[in-house]
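Here the structure is laid out as structure tokens; the discussion comes afterwards.
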Amino acid sequence: MATSVAWQPQEQGFNEICRLLEQQISPSSTADKSQIWQQLQQYSQFPDFNNYLAFILARAEGKSVEIRQAAGLLLKNNLRTAYKSMSPSNQQYIKSELLPCLGAADRHIRSTVGTIVSVVVQLGGIAGWLELLQALVTCLDSNDINHMEGAMDALSKALFVSMDQYLQGLFLLSNDPSAEVRKLVCAAFNLLIEVRPSFLEPHLRNLFEYMLQVNKDTDDDVALEACEFWHSYFEAQLPHENLKEFLPRLVPVLLSNMIYADDDESLVEAEEDESLPDRDQDDDIVNVWNLRKCSAAALDVLSNVFGDEILPTLMPVIQAKLSASGDEAWKDREAAVLALGAIAEGCIKGLYPHLSEIVAFLIPLLDDKFPLIRSISCWTLSRFSKFIVQDIGHQNGREQFEKVLMGLLKRILDTNKRVQEAACSAFATLEEEAAEELAPRLEIILQHLMMAFGKYQRRNLRIVYDAIGTLADAVGFELNQKYVANNYLDDMQPVYLDILMPPLIAKWQLLPNSDKDLFPLLECFTSIAQALGAGFTQFAQPVFQRCINIIQTQQLAKVDSVAAGAQYDKEFVVCCLDLLSGLAEGLGSGIESLVAQSNLRDMLLQCCMDDASDVRQSAFALLGDLARVCPVHLQARLSDFLDIAAKQLNTPKLKETVSVANNACWAIGELAVKARQEISPIVMTVVLCLVPILKHSEELNKSLIENSAITLGRLAWVCPELVSPHMEHFMQPWCIALSMIRDDTEKEDAFRGLCAMVKANPSGALSSLVFMCRAIASWHEIRSEELHNEVCQVLHGYKQMLRNGAWDQCMSALEPPVKDKLSKYQV
């Protein structure tokens, strides 16, 4: 059994060792176990015997897991005594065989490998096995559950056995001349703080000192890995106080690392103006995660954890960088503006008294000669947009809002693509905050956005669509405004639509049905249709028909892409379903004639059964919208729709598909209100699905609980005779859920169901009366006089029913605010 440079097992030796291991572990073997043991011990004298064991463990795929595991356990025991005296080449061979097995498919193999790894680390130290650090980092970063579990297992075993030695090894390597080694050391500490933070607690001071030092490493990759540590530290939920005394040193380091590196690809890309065509890699450059972005994100986290405590250290540095003059200092000024944006949320209390000065300082920077200062100023202003809008009520605040608005609109038409993108995104954020405050400036806003629409290239066009859609969401029906032309009242011109719609329709007609550039346009039309309401009628027919055509093509492409002339992409289906929902919401019953002339019903049924959850999610949303506005066209397939919707509520994967269940649940309720008694065959099936959801409310999504409570109420309202016999099984969780819902018409429907059930079966609610009273008291005000009277009757009915002090006993169990609320019902 001689060892060669590239060691290979001999077949005879391999077979012999496997035979002995099999006899040793087999309960039915007649061989003398002690004799086998002696034979294995004899073989241990050969220098490469342990190589054979490593090979069997790692590579003997044809052998049983039990034999491979036995080889591993024997290897572990041998290494304890023989590792240090083994030749380096054999040590290296064994280590190289173990690493790929960290993520082995079989759990037992992974566990055995983890145990051997811990022995090797204990005997040879982590410094002698740098490849292990790399392998552990790679495994934990992968999305493969076997690799992640194997790495965690090996890590925890190695740490439990020799934690001090492991840490000592890491600190020894911490100043290694190789940047790759220093990066791995940082990665190892980041792993440790994520998986076993308690191990590092006694060493935190040393670790903070080290990370502060390496955060300034001349190699950006090492500094980036060190910067990730601050994120990992807060995620590990270790005491924040530990870090407080280091803030005066950490904050300047982060700020220094936020300055653009000379070789940052963004610098080259930022010089490109709009005349240059988009490149495929542009997105990659903008989205790359680097030291600058990581440092800004760490500063954001610090500001949210420590709030204003970081300002005394940070603000002098920011002010010094902002006041640095001259072209050569532009990167310092840019980093200071980025820092202001990063702390905008966390330090808002401390910044608040100075915010109007900060905003006044940022506005002129929108016209800076350096494009990256213009773009970062857009972003930082957007981070303060809530404050900018809040102050509109005062003269100064209104003027500042106007300056920001016009400043951003001007930058939307910048010639630099990076600035266009930043300005458009910032403007969308401002729109969300300002909402109806934008109405007086709609004409000038639309003119700027549509000019951008005409000149932007493909990548930035997506952001214009978003800004137009956000504007429609913000101002709503205002988009329909007309003005009087030539002083004749009958000559009213839809001024805003004349600016907005022609360019969008031209683009809509230009793009083929298979072009993915349709996605943002479809989303944009969805917002416009919802905003315009009946005002969208003039555009509705071609938009509706095209959505139907696209869905039809995609459903065909799913089974036969050649016949469809297109590759299947579910995103087309989702976007078209969402736009049809927008049309239903906007046009209301005005969509009825379009639905009547189409095969939407049968297509929608198919989408509700799709295997992709996001298609089903949008399909059930549309089903609910159509149930509200034109239920007559769903009639023929009503039971099919209800069956499929009910199935979404009764699935073992409910938590994974909660958005589908939510929309399906809501759609059932809408169908129930419109179809009334026709839904009776499926009522109890649905109720049986809803009750477990209500009983496990703490584990599930709040929106699903609310929709379940409302739908249960609606079913009870239309079929009280079916639901009321079972009410004692669900009254308590149902009433708890009802009491969490805000006042609206859907809550009214649910309470109509409550009243109908109580009338049909008064005794069913007796054991949950306190909960029912709390649910009734959750109303701020019941707007419907009819429902108010019904609730009054229910309470008075129970008061008469509960004699001999039972009613007073119930009342005494209620909290004082609940009693106060019930007094308006004269009980």
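These numbers come from the heavy atoms of this one structure, side chains and all, not from hydrogens, waters or symmetry mates.
Side-chain atoms of Asn190 and Glu225 form a donor-acceptor pair, as typed in the model, at a separation below 3.5 Å. For Asp32 and Ser34, the side-chain atoms include at least one donor-acceptor pair closer than 3.5 Å.
For residues 93-105, the side chain to side chain donor-acceptor pair (under 3.5 Å) pairs, not counting sequence neighbours, are Arg59-Glu97. Residue pairs meeting the salt bridge (charged side-chain N to carboxylate O under 4.0 Å, His left out) criterion with at least one partner in residues 210-221, sequence neighbours excluded, are Arg182-Asp217. Applying the ring-ring contact (aromatic ring centres under 6.0 Å, His included) test to pairs two or more places apart or on separate chains, none has a residue in residues 97-154. Listed by first then second residue, pairs satisfying side chain to side chain donor-acceptor pair (under 3.5 Å) with a partner in residues 643-654 read Arg616-Gln648, not counting sequence neighbours. Evaluation of the salt bridge (charged side-chain N to carboxylate O under 4.0 Å, His left out) test over residues 112-140, restricted to residues two or more places apart or in two chains, returns none. Residue pairs satisfying the ring-ring contact (aromatic ring centres under 6.0 Å, His included) criterion with at least one member in residues 64-85, sequence neighbours excluded, are absent. Every pair passing salt bridge (charged side-chain N to carboxylate O under 4.0 Å, His left out) that includes a residue from residues 68-85 is listed here, sequence neighbours excluded: Glu61-Arg68.
Thr81 places a side-chain N or O within donor-acceptor distance of the main-chain N or O of Asn78, the cut-off being under 3.5 Å. Side chain of Ser697 to main chain of Ile693: no donor-acceptor pair is present (N/O by atom type, distance under 3.5 Å, no hydrogens or angles). Although no hydrogens or angles enter the test, the distance criterion places no donor-acceptor pair under 3.5 Å between the side chain of Asn663 and the main chain of Phe620. Judged purely by atom type and a 3.5 angstrom limit, Gln91 has no side-chain atom pairing as donor or acceptor with the backbone of Ser87. Checking side-chain atoms of Lys293 against main-chain N and O of Val288 turns up a donor-acceptor pair under 3.5 Å.
Between the CD1 atom of Ile25 and the CG atom of Leu20 there is a distance of 11.5 Å, given to the nearest 0.5 Å. To the nearest 0.5 angstrom, Gln555 atom CD is 4.0 Å from Gln606 atom CD. The CD atom of Gln69 sits 13.0 Å away from atom CG of Leu75, with the distance rounded to the nearest 0.5 Å. The distance from atom OG of Ser85 to atom CG of Asn90, rounded to the nearest 0.5 Å, is 10.5 Å. Note that the NZ atom of Lys558 and the OH atom of Tyr568 stand 4.0 Å from one another [nearest 0.5 Å]. The OH atom of Tyr260 sits 8.5 Å away from atom CG of Asn290, with the distance rounded to the nearest 0.5 Å.
For the pair Leu79 and Leu123, the tightest heavy-atom approach, listed with the atom from each and the gap, is O-CD1, 3.2 Å. The shortest non-hydrogen separation linking Leu649 to Leu654 is O-CD1, 4.3 Å. In terms of heavy-atom proximity, Cys18 sits nearest to Lys63 at SG-CE, 3.9 Å. For the pair Ala646 and Ile682, the tightest heavy-atom approach, listed with the atom from each and the gap, is CB-CD1, 4.3 Å. The two residues Ala664 and Ala645 make their nearest non-hydrogen contact at CB-O, 3.7 Å.
With sequence neighbours excluded, no residue satisfies salt bridge (charged side-chain N to carboxylate O under 4.0 Å, His left out) with Glu228. Every side-chain contact (heavy atoms from CB on, under 4.5 Å) that Glu209 has, sequence neighbours left out, goes to Phe246, Arg249. By the salt bridge (charged side-chain N to carboxylate O under 4.0 Å, His left out) test, Glu245 is found to be paired with Arg205, residues two or more places apart in sequence or in another chain being considered. Among residues two or more places apart in sequence or in another chain, the salt bridge (charged side-chain N to carboxylate O under 4.0 Å, His left out) test is passed with Glu66 by none. With sequence neighbours left out, Lys702 forms a salt bridge (charged side-chain N to carboxylate O under 4.0 Å, His left out) with Glu706.
Between Glu241 and Lys244 there is a salt bridge, with a side-chain nitrogen of the basic residue lying less than 4.0 Å from a carboxylate oxygen of the acidic one. Between Asp614 and Lys570 there is a salt bridge, since a side-chain N of the basic residue sits under 4.0 Å from a carboxylate O of the acidic one.
The number of heavy atoms from other shown groups lying within 6.0 Å of CD (Gln567) does not exceed 12.
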Residues Phe208, Tyr233; criterion ring-ring contact (aromatic ring centres under 6.0 Å, His included); working and verdict: CA-CA 10 Å; Phe208 290 158; Tyr233 180 80; 5.3 Å; yes

CA sep, side-chain torsions, deciding dist, call: Asp144, Ser142, side-chain hydrogen bond (donor to acceptor under 3.5 Å, both in side chains): CA-CA 5 Å; Asp144 183 293; Ser142 80; 5.4 Å; no

Derivation of the salt bridge (Lys or Arg N to Asp or Glu O under 4.0 Å) call for Lys516 and Asp569: CA-CA 9 Å; Lys516 291 185 180 182; Asp569 185 338; 3.5 Å; yes

Salt bridge (Lys or Arg N to Asp or Glu O under 4.0 Å) between Arg19 and Glu16, intermediate numbers included: CA-CA 5 Å; Arg19 182 183 67 77; Glu16 173 65 8; 2.9 Å; yes

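Of the candidates Leu254, Asp300, Leu255, Ser295 forms a side-chain contact (heavy atoms from CB on, under 4.5 Å) with just one, namely Leu254. When each of Leu700, Leu712, Ile736 is paired with Leu694, the side-chain contact (heavy atoms from CB on, under 4.5 Å) condition holds for Leu712 and for no other.
His203 and Phe171 have tilted rings, their planes meeting at an angle from 30° to 60° on a 0 to 90° scale. Between Phe55 and Trp7, the ring planes lie perpendicular to each other; the angle is over 60°, past the 30° to 60° tilted range.
Side-chain contact check for Met684 versus Val687: some heavy-atom pair is nearer than 4.5 Å.
Not less than 6.0 angstrom separates the ring centroid of Tyr52 from the ring centroid of Tyr43.
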